[in-house]
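Written out below as structure tokens is the structure these notes cover.
Quick note: numbers below take in every heavy atom, side chains included, and nothing from hydrogens, waters or symmetry partners. Since the model is a prediction, treat every value here as computed from it, not as a measurement.
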Amino acid sequence: MEPMKAVVLTVSDRVSAGSAADESGPAAAARLERLGFTTTVEVVPDGIDPVERFLKTAVDNGVSLVVTTGGTGFAPRDLTPEATRRVIERPAPGIVEAMRSATFGSNPYGMLSRGEAGISGATLILNLPGSVRGVEESLDVIGPALRHGVELLRSEETSH
């Protein structure tokens with residue numbers, strides 16, 4: 001089988017315009033590489049259309065895992081979950097439930113994340129918060145299950 005490809009999509013008006021540095025995308029990529037994924041980082045502006053287009057292209061190109069960072073909060077342009085819901089065919093709520101529940105008591109803003117997770121074709125799509133801390137905390141919680149989930153989507157033999 002091919003290596004497990006992951007794409008990290010940073011969703012940010014400021015990063016896409018070049019007025020801010022992308023910190024959360026590279027943080028997510030580093031964590032995913034430690035889990036055995038080959039990763040690339042891409043950037044699009046906030047909004048439903050650019051995120052939806054990117055997600056559909058990634059699914060069509062056979063990417064195993066797409067992790068978005070940013071656009072999951074309460075701000076008016078935080079529309080990553082809405083774009084994700086347009087693309088996923090089967091929700092995977094346990095993933096985001098685990099991420100949010102793990103931050104209760106340690107990060108008072110974790111409960112404000114509206115991130116989604118789900119499956120489209122053989123691609124797992126996952127929304128992470130836009131902060132480095134949120135990315136790292138989230139991937140630390142769900143990391144052990146990500147590889148197994150992708151193996152199942154790819155119909156690979158698993159140890160489970």
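- In summary, Glu151 and Arg154 do not engage in a salt bridge, as defined by a charged side-chain N under 4.0 Å from a carboxylate O.
- For Asp49, the side chain to side chain donor-acceptor pair (under 3.5 Å) test picks out no residue, with sequence neighbours left out.
- Annotation: side chain to side chain donor-acceptor pair (under 3.5 Å) contacts of Thr123 (sequence neighbours excluded): none.
- Taken from CG in Leu153 to CG in Leu65, the straight-line distance is 9.5 Å, to the nearest 0.5 Å.
- Between Asp46 and Pro50, the closest heavy-atom pair is O-CG, 3.9 Å.
- Taken to the nearest 0.5 Å, the CG atom of Leu32 stands 15.0 Å off from the NZ atom of Lys5.
- No continuous path of ILVMFWY side-chain contacts below 4.5 Å connects Leu9 to Val15, so the two sit in separate hydrophobic clusters.
- Applying the 6.0 Å contact sphere to CD of Glu23 captures no more than 12 heavy atoms from other residues, nucleotides or ligands.
- No donor-acceptor distance shorter than 3.5 angstrom exists from the side chain of Ser138 to the backbone of Val135, with no hydrogens or angles considered.
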Full working for salt bridge (Lys or Arg N to Asp or Glu O under 4.0 Å) between Glu137 and Arg133
CA-CA 6 Å; Glu137 287 177 345; Arg133 178 180 174 191; 2.9 Å; yes
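- Here CZ of Phe54 is found 12.0 Å from OG1 of Thr80. Values are rounded to the nearest 0.5 Å.
- Using a 4.5 Å cut-off on side-chain heavy atoms (C-beta onward), Leu55 and Ser120 make no contact.
- At least one donor-acceptor pair closer than 3.5 Å links the side chain of Arg147 to the backbone N or O of Leu35.
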Check residues 36-43 and write down every donor-acceptor pair under 3.5 Å in which the side-chain atom is one partner and the other belongs to a residue at least two apart or another chain.
{"residue": "Thr38", "atom": "OG1", "partner": "Met4", "partner atom": "O", "Å": "3.4"}
{"residue": "Thr39", "atom": "OG1", "partner": "Glu33", "partner atom": "OE2", "Å": "2.4"}

Please tabulate, for the side chains in residues 66-75, all donor-acceptor contacts under 3.5 angstrom to protein atoms that are two or more places apart in sequence or on a different chain.
{"residue": "Thr68", "atom": "OG1", "partner": "Asn127", "partner atom": "ND2", "Å": "2.8"}
{"residue": "Thr69", "atom": "OG1", "partner": "Ser24", "partner atom": "OG", "Å": "2.9"}
{"residue": "Thr69", "atom": "OG1", "partner": "Pro129", "partner atom": "O", "Å": "2.7"}

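- The stretch residues 60-79 participates, sequence neighbours left out, in these salt bridge (charged side-chain N to carboxylate O under 4.0 Å, His left out) pairs: Asp13-Arg77.
- Taking every heavy atom of both residues into account, Pro45 and Val51 meet most closely at O-CG2, 4.3 Å.
- When the side chains of ILVMFWY residues are joined at heavy-atom separations under 4.5 Å, either directly or via intervening members, Leu146 and Met99 end up in a single hydrophobic cluster.
- Atom CD of Glu116 and atom CZ of Arg86 lie 13.5 Å apart (nearest 0.5 Å).
- Between Ala98 and Ser101, the shortest heavy-atom distance links the atoms O-OG, 3.2 Å.
- Closest heavy-atom contact between Thr10 and Gly25: OG1-CA, 3.4 Å.
- Of the inter-residue distances, the one linking Leu124 atom CG with Ile119 atom CD1 reads 6.5 Å to the nearest 0.5 angstrom.
- Remark: Arg14 pairs with no residue by the side chain to side chain donor-acceptor pair (under 3.5 Å) rule, at least two apart or across chains.
- Tracing side-chain contacts under 4.5 Å through hydrophobic residues (I, L, V, M, F, W, Y), one reaches Ile88 starting from Val59; they form part of the same cluster.
- Atom CD1 of Ile48 and atom CZ of Arg85 lie 8.5 Å apart (nearest 0.5 Å).
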What do the steps show when you test Arg114 against Val96 for side-chain contact (heavy atoms from CB on, under 4.5 Å), and what is the final call?
CA-CA 9 Å; Arg114 300 181 316 105; Val96 290; over 6 Å; no
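- Hydrophobic clustering (ILVMFWY, side-chain heavy atoms < 4.5 Å, transitive): Val44 and Val8 are in distinct clusters.
- Residue Val150 is not grouped with residue Val7 when hydrophobic side chains (ILVMFWY) are merged at heavy-atom distances under 4.5 angstrom, including chains of intermediate members.
- Proximity of a side-chain donor or acceptor of Glu52 to a complementary backbone N or O of Thr84 within less than 3.5 Å is not detected.
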